[in-house]
Every structure is written in structure tokens, then in C-alpha cells.
Amino acid sequence: MSTSTDLKTVNGVAQQRRLVTDLPGPRSTELMARKQAAVASGVGTTMPVFVERAAGGIVVDVDGNHLIDLGSGIAVTTVGSSATAVVERAKAQLEAFTHTCFMVTPYDAYVEVCEALTELTPGEHAKKSALFNSGAEAVENAVKIARAHTKRDAVVVFDHAYHGRTNLTMAMTAKQMPYKHGFGPFAGEVYRAPMSYPLRDGGLSGAEAAAKAIDVIEKQVGGDQVACVVIEPIQGEGGFIVPADGFLSAIAAWCTANGVVFVADEIQAGFCRTGEWFAVQHENVVPDLITTAKGIAGGLPLAAVTGRAEIMDSVHGGGLGGTYGGNPVAAAAALGAISEMKEHDLNGRAREIEEIIKGRLEKLQAQHPAIVDIRGRGAMVAVELCKPGTLEPDADLTKAIAAGAHQAGVIVLTCGTYGNVFRFLPPLTISDELLNEAFDVLEQIMAEKA
Ligand code: PMP
């Protein structure tokens, strides 16, 4: 059994790592057997533990184990799980009505979320939004809107990109296994350009990497054929790749000069995650359209496309929507999540978390040459692991350390085209003590395995 000394509670959950069984415990093992019998095997799980409760920085499993959460359900519970304002607003909405369909008889929570998006997204221009259910759906709709506006077909995306698992977004996603393998044919008119990846592109400056990408677009696609360029300002699943300074702004400027819609996919990086409302703000870039999801609604499924009113309004009436898009309970939850972010200055908290995590990682790097890069912003930070003295990805070591962390009760996620990146995405409600304890555990595991 291992315990920490932090005994604070949040929503009745002790903010303490505590293992009372081996992982998975007996109840989780039983549930995993039922999962295997009833759930399609293509739906994987990172850890074989079933959850009973979660709050602050802790996930409690059905056997009573308290795990430290460094994943936030893949960057979703930014405001913490079951945050008070999210629960209160969603509960009130559940009691009032659950669904009418905004396209049949509308309701104000939808409009209020769109007004909040107008206020929070970068740029002073007139903006409008449309709400959807998932990140992939938001990306699909951003492409539809850009095509309707420009009357062009081509979509440009980047190496290492991840935009979703639907047919169009699979085509936009770079990594073949597991996201695309066996699922073709894919949507057409999607073209891939090289990304700025400072560790692996020979150290090109942002301007140089952008010139290379623009050359590919101009020679292989044609600037006047491109409806939109879609880019994650910090790539998520691809490995938390932060492009060199000036890359995003050069791509955005090229888009403006060529009548191309610049779409920032902020689904993973948005809503306080990087210490700003949106990651593009670190580079003073103002996108034409922004896609959001994940952190927007404190754990309920909601997504949005927000952007220049004249672009958003280029779609004919009835051309956008969906039965559940902007569901009233999810919209109410989003209003609760946004109020939590403002009230608790979660952008400031993300910057504090960055300092703690990067401090701990720099210490680790000094002991372990396998850590070749520490990158990210705010509470979206990662390390890339390679064979010492090379840039050869070490996916096996990454897997072994992740397994060790999971066994010790720390939820960590890996990512990256080469499977050799650890990403840290704690809820912004995690305490410093828990965060430090999670890194004590990682330090110990690195000492054993690296
Ligand atoms: N874009 C980005 C940048 C993402 O990180 C994700 C999810 N990992 C998506 C799109 C797809 O979102 P969803 O899983 O909600 O469809």
C-alpha cells in the first residue's frame, strides 16, 4: 500500500494517492471481463480500472484505490470532475428539460455559449458560432463552412496532425495505426504539409518551416484551390509538438493573402489548458475559425465552431446542425465550466502547473539522457524519449514507464507519431502536493527502468 500525506478532500474525495489492492483490483477485474464480453474490442482502455468517483486531482476506482489524474480524461476535465458550477447548472437544466432540439424550438443556453465564445476567442471582429457534439464533428463542420465560403475544395493539414475518427477527419489525421488502419477509402481533397517540429526538422526557424510548408501547398495543391488550412496550434495526439515561433503567424498570413480560411483546431489546447484561453494567443494569431470541444463543458459532450461572422454565415439555412448539437444540458455545463475558469483564474493556475511540471522534468532530464525534449505550455506538457545520444524514438521505454506509473496509481497518457511521448494534462484543480507526488513516483520509476 502506498499513501501520500495530502488529506484535503474535494467533493468528498480525499486528495490522496492510496492503493488498497494491486491494480486492477478484484471488482475492476470482474468488470473488465464483462467489458471484454460485451464491448467491441476496438474500443481500447489505457488502464484496466473502472471508476467510481473523481474530483480534484484524484480518480477513485471501484475497489477504493485513489489514483492521481494526470490525464483529465484526455484534456476534458480542465475545471475538475463534477465541478460545482458545472453540476449545478447541468442539474437545473436536467430538471427543466433535457432536449427539444435547437433546430426545432431553441433555448437560451445555446445562445449564451455562442456569446461566451464570441467574447473569449481572439479577435475583435464580428463572430458567430455553431454547436456540435464532438471534436471531430466540429472539425468536419469547419471544413464545410470553409468550403461554402471559398467555393473551393482542398483542405490542407499537417504531418502528425490529429483531427478525429470520422471519415473526413480520419483523412485529416496523420497517424495510420490505430486511427486509419483498414478504414479507407478516405475522404478526398485532403493534402498534408510538413509541420514545424523543432526537435526533428533540423532546427528550422518558424519562418523557414512555414516557407517549406507553403512551398508544398503552392506546388502540390495550388493556393487558389485551398478552402482551408487546419492546424492544431500545439499538436495533441501527434506528440504535443509546439511549432517554432513565427510558424503559425506565417501560415496564417499566407492564408489571408490567398483567400484561404485559417482554422485553429483548439480542441485539445483550448480553454485555459495552455495558460491562455486559446493556444494561438501565445503567438498573437487570430484565426478565421476556431474549433473547440473537450474542456469547454467540464466533461459533457459539446463542441463548437466559432469564427468570422461573414464566413460562418456563408452556409445556406439548414446547412448546419444535428439532432443533439448544443444539447441544453451540455450547454448549461459549458456555462458552468466557463464560470469556473474565470472565477478561479484557471489560466493562471495552468501557468503555475507548467512551472511545477517543467521544474520536475528538467531535474529528471539531468539524470536521464533518454529525455531528449521537454515541451508544451501551461498544463499541456510532454517529454519525448529516445535512445540516449540519438533521436531514435524509444517507444518500449515509454510503454514500460507508463505501465510502472499505472501500477503505482498514477494515470499518465502517452502519445506521438512514434509512441515515445509522455503527455501531462492534469485537471487544473489538482493540488501542488499531488502533482509533486505524481512526479516523485515517475522519478522512482525512471530510476528503475531507464
Ligand atoms: N482535434 C484534436 C486536436 C483532438 O485532440 C481531438 C481529440 N483527441 C479531436 C480533434 C477529436 O475530438 P473528439 O474525440 O471529441 O471527436
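First listed ligand is number 1; within each ligand, the first listed atom is number 1.
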Pairs under 3.5 angstrom, nitrogen or oxygen on both sides, ligand 1 versus protein: list them out, please.
residue  : atom   : partner : partner atom : Å
ligand 1 : 1 (N)  : Tyr162  : O            : 3.4
ligand 1 : 1 (N)  : Asp265  : OD1          : 3.4
ligand 1 : 1 (N)  : Asp265  : OD2          : 2.7
ligand 1 : 5 (O)  : Gln268  : NE2          : 2.9
ligand 1 : 8 (N)  : Glu237  : OE2          : 3.3
ligand 1 : 8 (N)  : Lys294  : NZ           : 3.2
ligand 1 : 15 (O) : Gly135  : N            : 2.8
ligand 1 : 16 (O) : Gly135  : N            : 3.3
ligand 1 : 16 (O) : Ala136  : N            : 2.8

Scan the side chains in residues 49-56 for donor-acceptor partners under 3.5 Å anywhere in the protein, sequence neighbours excluded, and list what turns up.
residue : atom : partner : partner atom : Å
Arg53   : NH2  : Asn11   : O            : 2.7

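Classification of the Tyr107-Tyr110 ring pair by plane angle, with boundaries at 30° and 60°, yields perpendicular.
Between Arg349 and Glu352 there is a salt bridge, since at least one side-chain N of the basic residue sits less than 4.0 Å from a carboxylate O of the acidic one. A salt bridge links Lys342 with Glu119: the closest approach of a Lys/Arg side-chain nitrogen to an acidic carboxylate oxygen falls below 4.0 angstrom. A salt bridge between Glu384 and Arg375 is present, with a side-chain N of the basic residue lying under 4.0 Å from a carboxylate O of the acidic one.
For the side-chain hydrogen bond (donor to acceptor under 3.5 Å, both in side chains) with Thr274, the qualifying choice from Gln281, Arg377, His282 is His282, the only one to do so.
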